[in-house]
Structure formats: structure tokens, C-alpha cells
Amino acid sequence: TQLLEQSPQFLSIQEGENLTVYCNSSSVFSSLQWYRQEPGEGPVLLVTVVTGGEVKKLKRLTFQFGDARKDSSLHITAAQPGDTGLYLCAGPPNTGTASKLTFGTGTRLQVTL
Amino acid sequence: GAVVSQHPSRVICKSGTSVKIECRSLDFQATTMFWYRQFPKQSLMLMATSNEGSKATYEQGVEKDKFLINHASLTLSTLTVTSAHPEDSSFYICSARGGTGRPQHFGDGTRLSIL
């Protein structure tokens, strides 16, 4: 089983601060996705990174895929209360079926005024 | 965009009851649907993969006789929790995919509470 460990598990910051969430694995992933989930809802896809070293930006969110495709990071600039939620990385294993998604352990972010 | 509808959103029932949860892809045909379980403050754990017209593939440790999955059409999959007990209480989420290599689209989940 390919595991995706996220850190930190929980993060509480004030509005305007910057933060980085990490997603690490000992295995190679063909791609990684980042999701945000709010309480009582399903996860919503933010971005998919495919190429090692790739950087993608989504407004104040910057996503990076490690060169070896074993890790990824999410950086949020000037966090806002609307960024509050559970952030999940996920990816299909590099070998075997491409159907499944393995989800990371999750990072719960709370942004206060 | 692709929309996946899950119903009901919440269900509370007595121990021993069987509960059916529906997952529908509203604007695309889903060749594959996935069922996940999420405990409070934890991540999503895949329970099973369902392909239209064939038997579901269950993950290790998931009882197939306990969690019955039916994917009879390209737009509907159902998960039935049979003889539910309090330990089955959880947040169940489905996702649907339009084809190999396409992204999964998630439903809004069903919160199941067994008294």
C-alpha cells in the first residue's frame, strides 16, 4: 500500500499569514491531486500535478510536485477565513491499476480573523 | 461541470436496519464509481470500486456481504449497508469517473448514524 503522509495534521493561523502543507510518500506517483473538503461535503478538486518539478498556481495557492514525484506541497499566501477546510492530497499508484486514488492523511486548516 | 448527486445526505436509523445510499452522475456517464468511508477528522478510505455491469472490487478488510454495491447503469451506483450497527456510523462518500484517465467527481456524502 502506498501511503501519503501529510504535515502538519492541523494548522491554526490568522488571516493574512502564509502557510505550507506537505504531502510525502516513499513511493512514486504518476500524478498527485489536491482537494479541499469542507465539513459535511465531499472533497473538491483544486489541482492535478503530473510532471516532476511542476509548479501550478491557483490565485493565492501554489502547488509543487517534487522532482522525483514522491512529494508535493501546497503554499497559501495571505490566508483568508474562506481557506478554512481539510486539505487532502491524493494520487493513483505508479504501478498497477490507475483507477484508484490513495488519499493523504489530511491537513486541517483553520484561518481566523 | 460534472455533477455527482448522493442521496440521502443524512440518515439516522436503528441498529439492525439496512440502509441504501444512492450515487448518481447527473450529466455524464460514469463507467466507474468509487465508495469511500471517512471517520471524524480523518481522511477518506476507499471501500470498493464499482464498474458498470460487473461485480464491485472491495478493498482489503471491507466485508462485501456487509456493504453491498450495485452499479446497474452508467449513472447510478448504490451502496447498501446491511444490518447496520453503531460501528457502521460514518460519513460515506461516492465518486464517479467518466472513463480511464478522467478525474473523479465526488458527491457531497451521506452521514450515517446508527443508534
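We name chains A, B, ... by the order of the sequence lines, and we start the count at 1 in each one. Just so we're clear, the structure is a prediction, and the values are computed from it rather than from any experiment.
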At a heavy-atom separation under 4.5 Å, does Y35(A) approach chain B through its side chain, its backbone, both, or neither? side chain
Engaged part of Q6(A) at the chain B interface, taking heavy atoms whose separation is under 4.5 Å: neither
Can you hop from [X] to [Y] via hydrophobic side chains spaced under 4.5 Å?
| X | Y | result |
| --- | --- | --- |
| V44(A) | V3(B) | no |
| F10(A) | L19(A) | no |
| V62(B) | M45(B) | no |
| F103(A) | L45(A) | yes |
| L88(A) | F34(B) | yes |

Count the heavy atoms of every other residue, nucleotide or ligand shown that sit under 6.0 Å from CZ of R102(B), and state whether that count exceeds 12. no
Q9(A) atom CD, neighbour heavy-atom count above 12 within 6.0 Å: no
Chain A contact via Q6(B) - side chain, backbone, both or neither, heavy atoms under 4.5 Å: neither
Within the structure provided, determine whether P103(B) and T48(A) are in side-chain contact (heavy-atom separation under 4.5 Å). no
Using a 4.5 Å cut-off on heavy atoms from C-beta on, say whether the side chain of Y36(B) contacts that of L101(A). yes
For the candidates S9(B), G109(B), S43(B), G107(B), which exhibits the highest count of non-hydrogen atom pairs separated by less than 4.5 Å from chain A? S43(B)
Could you name the residues of residues 66-95 of chain B that have a heavy atom within less than 4.5 Å of a heavy atom in chain A? F91(B), I93(B)
Using only non-hydrogen atoms and a strict under-4.5 angstrom cutoff, which residues of residues 104-113 of chain A touch chain B? G104(A), T105(A), R108(A)
Say you draw a straight line from CG of D108(B) to CD of E38(A); how long is it, rounded to the nearest 0.5 Å? 10.5 Å
What closest approach, in Å, do L86(A) and Q42(B) show between heavy atoms, and which atom pair accounts for it? CD2-O, 4.1 Å
Just by distance, with hydrogens left out, do Q104(B) and Q33(A) show a side-chain donor and acceptor under 3.5 Å apart? no
